[in-house]
Amino acid sequence: MATEVLMSKMEKGFDSDKPMFPISVIADLLQVHQRTLRIYNEEKILVPERSPKNRRLYSFNDIEKGKFIQYMSRELGINIIGIKIIFELLKQQKVKAEDQKAFIDEIAKNINITHEMQQQNKEKLSRRGRKPATVA
DNA sequence: TTTCTAACA
DNA sequence: TGTTAGAA
């Protein structure tokens, strides 16, 4: 459903920064509750534009950032405060958006966060009623 | 109908 | 984090 909406937008050609997707599409795509996205908004981790009617409008870049957040949260087990700190660090280090996942992965590797440990994190989180990670 | 905020479970 | 009430 959300994917079809995305594809139709992509076919036309688009600005990756252009706000165009409502919260329902992003929630569907990332498999998170809308509440979670609103929390990300409140915590300033993922802040979308707003429509004239105050509706949140996410850009393609926001979606990519959302995927990264889900990766850190679900795969690495980092909480929102940790993610805030990481984003601030990435900003201070001027790490480009395309390099951020590799940057974090390298650190995870250095402190021995193995795939087994990531799997354990996923299991822990899913046992707490959270949906298993789908985002790569 | 969908999304908003805010509060409760 | 998930769910819901009431407003827009």
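Keep in mind it's a predicted model, so treat the numbers as computed, not measured.
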Closest-nucleotide ordering on DNA chain B, the 5'-leading residue of P22(A) and E42(A): P22(A)

Six-ring centre of F87(A), K65(A) cation under 6.0 angstrom, axis tolerance 45°: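 Yes, a cation-pi geometry.
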
Connected via hydrophobic side-chain network under 4.5 Å: L90(A) and I80(A):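 In one cluster with L90(A): I80(A), yes.
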
Whole-Å gap separating C1' (dG2(C)) and CD1 (I23(A)): 14 Å

Value in whole Å for how far the P atom of dT4(C) lies from CZ of R38(A):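 For the pair R38(A) CZ and dT4(C) P, the rounded distance is 14 Å.
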
Listed partners of I23(A) passing side-chain contact (heavy atoms from CB on, under 4.5 Å), at least two apart: Q34(A), L37(A), R38(A), R56(A), Y58(A)

Residues forming a side-chain contact (heavy atoms from CB on, under 4.5 Å) with K44(A), sequence neighbours excluded: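 With neighbours one apart ignored, the set is V47(A).
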
Chain A contact limits on DNA chain B, taken 5' to 3' with a cut-off of 4.0 angstrom to heavy atoms: dT2(B) to dA7(B)

Of all pairs that satisfy salt bridge (Lys or Arg N to Asp or Glu O under 4.0 Å), the ones with a partner from residues 79-99 of chain A, not counting sequence neighbours: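 For residues 79-99 of chain A, and leaving out neighbouring residues, the salt bridge (Lys or Arg N to Asp or Glu O under 4.0 Å) pairs sorted by first residue read E43(A)-K84(A).
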
Closest contact, heavy atoms only, N61(A) versus D17(A): ND2-OD1, 2.7 Å

Sub-4.0 Å heavy-atom contacts from residues 43-58 of chain A onto DNA chain C, ordered by number: R55(A)

For R35(A), salt bridge (charged side-chain N to carboxylate O under 4.0 Å, His left out) partners two or more places apart: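 Scan of R35(A) (salt bridge (charged side-chain N to carboxylate O under 4.0 Å, His left out), adjacent residues dropped) gives E42(A).
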
From CA spacing to verdict: side chain to side chain contact (heavy atoms under 4.5 Å, CB included), Y71(A), K67(A): CA-CA 6 Å; Y71(A) 172 70; K67(A) 287 182 183 176; over 6 Å; no

